[in-house]
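Here is the structure we will look at.
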Amino acid sequence: MDIDTLLRTLEETSIATLIRENESLFPWVESFHVLAITLVIGSIAIVDLRLIGLASRERPAGRLASEVLRCTWTAFAVAAITGALLFASNAFNYAHNSYFQAKLLFLVLAALNMSVFHLFAGRDIERWGIPDQKNPLPARIAGAVSLFLWIGVVAFGRWVGFSLHPTPLAG
């Protein structure tokens, strides 16, 4: 089975059809998606701005991250579920949309940036507690890159909705 057939099959599932054809369900799912992604970006920005040294400098970075990231992961789970539901409702068009592809690329790059940070620069985060002490350069770079990537996720995500042109399902 080729990818386009798989995408069309996904679109034909009962949940995808319900979301696509129900007058109010798509906007509700999209609203929860936007609210969740807002919490994801906002909570990540709190940590990133601390890593860069622009905010919350009086709070230990490790403690701030552990407190905020609980909210981040919960919101990310809601964003992923609602995003998957939205995708299923119009999978073929989303998959072939360059803005959607860029959004996914930025999501993957943000995940890689986070992984590299936690594997290397972030291992010593518990020691970055002295007020007004600069965080290590790799941590500051990771924070700045993270902000850039998440802004890209949001920007490309917004452009998706303005660039999709519905294509009727092949019968």
Side-chain angles (χ1 to χ4, degrees), residues 3-56 64-65 67-118 139-170:
I3 188 73
D4 287 346
T5 303
L6 183 63
L7 293 168
R8 292 296 191 187
T9 301
L10 178 60
E11 286 181 350
E12 293 171 1
T13 61
S14 58
I15 188 74
T17 302
L18 181 65
I19 291 168
R20 184 178 52 254
E21 293 179 359
N22 185 290
E23 187 175 296
S24 61
L25 192 53
F26 186 95
W28 275 106
V29 174
E30 185 178 37
S31 294
F32 278 104
H33 183 68
V34 169
L35 288 171
I37 201 73
T38 300
L39 286 172
V40 169
I41 305 299
S43 60
I44 288 173
I46 290 169
V47 175
D48 289 342
L49 291 171
R50 172 57 178 97
L51 292 177
I52 295 168
L54 296 176
S56 302
L64 177 69
E67 291 170 356
V68 170
L69 292 180
R70 286 183 227 135
C71 172
T72 305
W73 284 112
T74 303
F76 185 81
V78 173
I81 291 166
T82 55
L85 291 170
L86 295 171
F87 177 80
S89 74
N90 198 2
F92 182 85
N93 287 327
Y94 281 124
H96 292 288
N97 181 283
S98 60
Y99 295 115
F100 181 78
Q101 293 167 1
K103 176 184 176 176
L104 290 184
L105 174 63
F106 272 60
L107 272 170
V108 168
L109 292 174
L112 285 172
N113 181 62
M114 179 188 66
S115 298
V116 168
F117 170 76
H118 285 288
R140 289 182 279 150
I141 291 170
V145 168
S146 176
L147 279 176
F148 169 77
L149 292 172
W150 283 105
I151 289 169
V153 168
V154 170
F156 286 118
R158 287 302 304 137
W159 287 327
V160 169
F162 293 110
S163 62
L164 281 183
H165 304 290
T167 304
L169 289 174

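Computed from a predicted structure; not experimentally measured.
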Taken to the nearest 0.5 Å, the spacing of Ser89 OG from Asn22 CG works out to 11.5 Å
query: Is there a side-chain contact between Ile19 and Phe87 (heavy atoms, below 4.5 Å)?
result: no
For Ala36 and Ala79, the nearest pair of non-hydrogen atoms, with its separation, is CB-N, 3.6 Å
Heavy-atom closest pair (Val153 atom, Leu107 atom, distance to 0.1 Å) is CG2-N, 3.7 Å
Check your understanding: Is Leu51 close to Asp48 at the side-chain level, that is, under 4.5 Å between some pair of heavy atoms?
Key -> yes
Does the side-chain contact (heavy atoms from CB on, under 4.5 Å) test come out yes or no for Val78 and Ile81, once each step is laid out? CA-CA 5 Å; Val78 173; Ile81 291 166; 6.0 Å; no
Scanning both residues in full, the closest heavy-atom pair of Tyr99 with Val160 reads C-CG2, 3.7 Å
Between Arg8 and Thr5, is there a side-chain donor-acceptor contact under 3.5 Å, judged purely by atom types and distance? no
If we only count heavy atoms from C-beta on, is the Val34 to Thr38 side-chain gap below 4.5 Å? yes
Around Phe26, counting heavy atoms of other residues, nucleotides and ligands shown, do more than 12 lie under 6.0 Å from its CZ? yes
Aromatic centroids of Trp159 and Phe162 separated by under 6.0 Å | no
Minimal heavy-atom distance between Ala142 and Asn113, with the atoms involved, is O-ND2, 3.1 Å
Here the pair of heavy atoms bringing Glu11 nearest to Asn93 is OE2-N, 4.0 Å
The side-chain contact (heavy atoms from CB on, under 4.5 Å) partners of Ile41 (sequence neighbours excluded) come to Ile37, Trp150, Val154
Between the CZ atom in Phe92 and the CD1 atom in Ile3, the distance rounded to the nearest 0.5 Å is 10.5 Å
**Request:** Using the side-chain contact (heavy atoms from CB on, under 4.5 Å) rule, take Asp4 and His96 through it: C-alpha gap first, then chi angles, then the decisive distance, then the call.
**Result:** CA-CA 9 Å; Asp4 287 346; His96 292 288; 2.7 Å; yes
Residue pairs passing the side-chain hydrogen bond (donor to acceptor under 3.5 Å, both in side chains) test with at least one member in residues 70-88, sequence neighbours excluded, are His33-Thr82, Ser43-Thr72
Value for CG (Leu7) from CG (Asn90), rounded to nearest 0.5 Å, stands at 10.0 Å
Do side-chain atoms of Gln101 reach the backbone of Ala95 as a donor and acceptor pair under 3.5 angstrom? yes
(Q) Keeping Arg50 on the side-chain end and Ala65 on the backbone end, is there a donor-acceptor pair under 3.5 Å? (A) no
Heavy-atom nearest pair, Thr13 first then Leu10, reads OG1-O, 2.9 Å
Are Glu30 and Leu86 close enough that some pair of their side-chain heavy atoms sits under 4.5 Å apart? yes
* Could you walk me through whether Leu112 and Val108 pass the side-chain contact (heavy atoms from CB on, under 4.5 Å) check? -> CA-CA 6 Å; Leu112 285 172; Val108 168; 4.3 Å; yes
